[in-house]
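Since the model is a prediction, treat every value here as computed from it, not as a measurement. In what follows, chains are A, B, ... by sequence order, proteins preceding strands, each numbered from 1.
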2 protein chains.
Amino acid sequence: MSYTYEYPRPSLTVDCVVFGLDDDDLKVLLIQRGVEPFEGRWALPGGFVKLDESLEAAARRELEEESGLRPGHLEQLFTFGEPDRDPRGRVITVAYFALVKLSAHALRAATDAREAAWFSVWDTPKLAFDHADILNTALQRLKGKVRYQPIGFELLPPKFTLTQLQRLYEVVLERELDKRNFRKKILAMDLLEELDEVEQDVSHRAARLYRFDHKKYRQLEKAGFNFEL
Amino acid sequence: MSYTYEYPRPSLTVDCVVFGLDDDDLKVLLIQRGVEPFEGRWALPGGFVKLDESLEAAARRELEEESGLRPGHLEQLFTFGEPDRDPRGRVITVAYFALVKLSAHALRAATDAREAAWFSVWDTPKLAFDHADILNTALQRLKGKVRYQPIGFELLPPKFTLTQLQRLYEVVLERELDKRNFRKKILAMDLLEELDEVEQDVSHRAARLYRFDHKKYRQLEKAGFNFEL
DNA sequence: CGGCATAGTGTCCGGAGCACACCCGAGTCA
DNA sequence: TGACTCGGGTGTGCTCCGGACACTATGCCG
């Protein structure tokens with residue numbers, strides 16, 4: 001089967017920058033390429049868009065196929081389309097930006113036997129194509145967005161301690177925060193549900209667990225409330 | 001000439017949302033379509049991307065061709081790619097967001113005789129394709145961005161009064177601002193050069209003119225300064 | 001020269017942000 | 001069993017910023 005057009009057309013792909021949080025380290029999901037070009041190199045998960053699926057659906061599908069992950073947050077990041085970004089010809093890629101709860105998902109082996117793995121975002125191998133640019137753009141977006149939208153919670157398990165939450169912000173923003181001020185501020189927003197549970201299996205005083213109240217956030221948001229760390 | 005591929009490919013276009021400021025009204029540039037589909041309807045300026053030009057170059061080229069405008073600010077907005085957004089088939093469009101100094105540019109007749117005109121963003125005719133969505137997205141972006149990046153100046157003439165600047169923010173943000181607080185804040189940033197000139201041809205006390213100091217802004221920006229209205 | 005239209009200017013108050021240090025509770029180990 | 005260790009958890013005071021607020025100045029016009 002082949003397809004013929006009057007004018008030349010580019011290929012269209014989606015690529016996903018998937019972030020996960022592992023204790024004090026921010027991770028990104030990479031896939032080892034099994035085919036040329038850049039065979040053997042690590043790259044962002046992604047692939048070609050089918051002509052009858054939306055861009056976002058394509059991103060979800062590719063991510064599921066290559067890693068088994070279903071992100072808690074997914075949004076369009078940026079479209080990269082420099083003429084020479086792919087040696088095979090003109091390939092436009094719509095990059096997506098995703099957050100997953102690393103704790104909840106084991107990586108499934110990719111269907112096509114390529115390897116998927118988590119890397120620290122501060123220490124990735126050399127990436128295929130312009131994926132380093134894409135990763136960088138995604139990091140900037142995460143840094144900017146985490147402060148005025150409560151998307152950070154998508155990186156944590158459903159029940160978390162305030163210290164975990166603070167660490168998350170410290171890792172993403174790359175700076176230390178004052179414990180008391182952080183707690184004061186985040187609790188004042190009244191978006192966290194205080195649970196009657198504490199951490200388990202720690203060799204010191206156990207911390208109280210909290211849960212993010214999505215419903216309340218949506219209500220407040222409608223009423224004009226602005227999340228801001 | 002025709003082009004044949006092993007897999008089907010989408011068409012790729014760029015569309016530009018160009019904003020201009022006309023006194024107290026925010027305007028958007030629209031083009032009347034001369035061909036099907038949506039012949040006669042108003043639409044955003046845009047067109048097909050050539051395979052050897054970057055996306056941004058395509059946006060600039062189309063804008064120049066269809067209106068003669070060269071925007072002072074141009075950035076990628078979002079990529080729209082729903083499968084059914086164009087009746088001709090799968091067409092992905094990368095939308096750009098541009099600001100021009102309305103005062104400085106006369107609209108040139110479009111090369112292909114279609115008409116170009118400015119419309120109030122609050123009162124546009126029914127638009128072709130999903131261009132209403134795109135316009136909406138651009139408006140949100142403008143609203144959000146104008147507060148933490150000094151891009152608003154691209155809408156004003158090079159020399160402007162503080163009242164003009166304030167009006168700009170009021171129009172974009174859709175709320176009134178306090179004159180004294182506004183002046184205090186904007187002048188405290190030390191980004192405006194106070195000129196030894198005043199408005200001309202006004203039938204009341206003439207206001208002093210200012211100029212935005214791009215060089216100083218870049219310096220401060222490097223030093224970690226954050227513009228914030 | 002009086003009227004009008006816009007320019008231009010300073011103070012006060014309350015709330016938010018930030019810096020800062022000590023006791024608590026649970027487990028561990030000698 | 002008691003002392004130690006390790007993070008958990010808490011309140012105050014100061015400063016600075018943001019927001020409310022109203023009058024005088026200047027230039028044109030009739």
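Heavy-atom nearest nucleotides on DNA chain C were determined for B/A207 and for A/E228, and the one closer to the 5' end corresponds to B/A207. Sequence order on DNA chain D of the closest nucleotides to A/H204 and A/R180 puts A/H204 first from the 5' end. Both A/A206 and A/N181 lie near DNA chain D, and the one whose nearest nucleotide falls closer to the 5' end is A/A206.
Outside the 6.0 Å centre-distance limit, the rings of B/F97 and B/F78 are not counted as a close aromatic pair. If you look at B/F80 and B/F129, their ring centroids are not closer than 6.0 Å.
Under 4.0 angstrom from either OP1 or OP2 of C/dG17 there lies at least one side-chain N or O belonging to A/K185. Look at A/R183 and you'll find a side-chain N or O under 4.0 angstrom from OP1 or OP2 of D/dG9.
Going from atom CZ of B/R147 over to atom C1' of D/dG18 covers 12 Å, rounded to whole Å. For the pair B/Y210 OH and C/dA7 P, the computed distance is 12 Å after rounding to whole Å. B/N226 places its CG atom 14 Å from the P atom of D/dC17, with the value rounded to the nearest Å. Put simply, CE on A/M189 is 12 Å from C1' on C/dA16, counting in whole angstrom units. Between the CG atom of B/L177 and the P atom of D/dA20 there is a distance of 10 Å, given to the nearest Å. Atom C1' of nucleotide D/dC21 and atom CZ of B/F182 are separated by 18 Å, given to the nearest angstrom. Atom CD in B/Q164 sits about 13 Å away from atom P in C/dT6, given to the nearest Å. The distance between atom CD of B/E199 and atom P of C/dA7, rounded to the nearest whole Å, is 6 Å.
In summary, of the residues considered (B/E199, B/E193, B/E197), a salt bridge (Lys or Arg N to Asp or Glu O under 4.0 Å) with B/K159 occurs for B/E197 alone. Here the rule is side chain to side chain contact (heavy atoms under 4.5 Å, CB included) with B/L173, and of B/L168, B/L229, B/L142 only B/L229 fits it.
Checked for salt-bridge contact, B/K27 and B/D25 meet the test: a charged N lies under 4.0 Å from a carboxylate O.
Here B/T163 lies in heavy-atom contact (under 4.0 Å) with sugar-phosphate atoms only. Among the heavy atoms of the strands lying under 4.0 Å from A/K179 is at least one base atom, whether or not backbone atoms are also near. Note on B/R208: only backbone sugar-phosphate atoms sit closer than 4.0 angstrom, heavy atoms only; bases stay farther off.
Taking only distance into account, the side chain of A/R205 never meets the base of C/dA26 through a donor-acceptor pair shorter than 3.5 Å. One donor-acceptor pair, N or O on each side, does fall under 3.5 Å between the base of D/dG19 and the side chain of B/K184.
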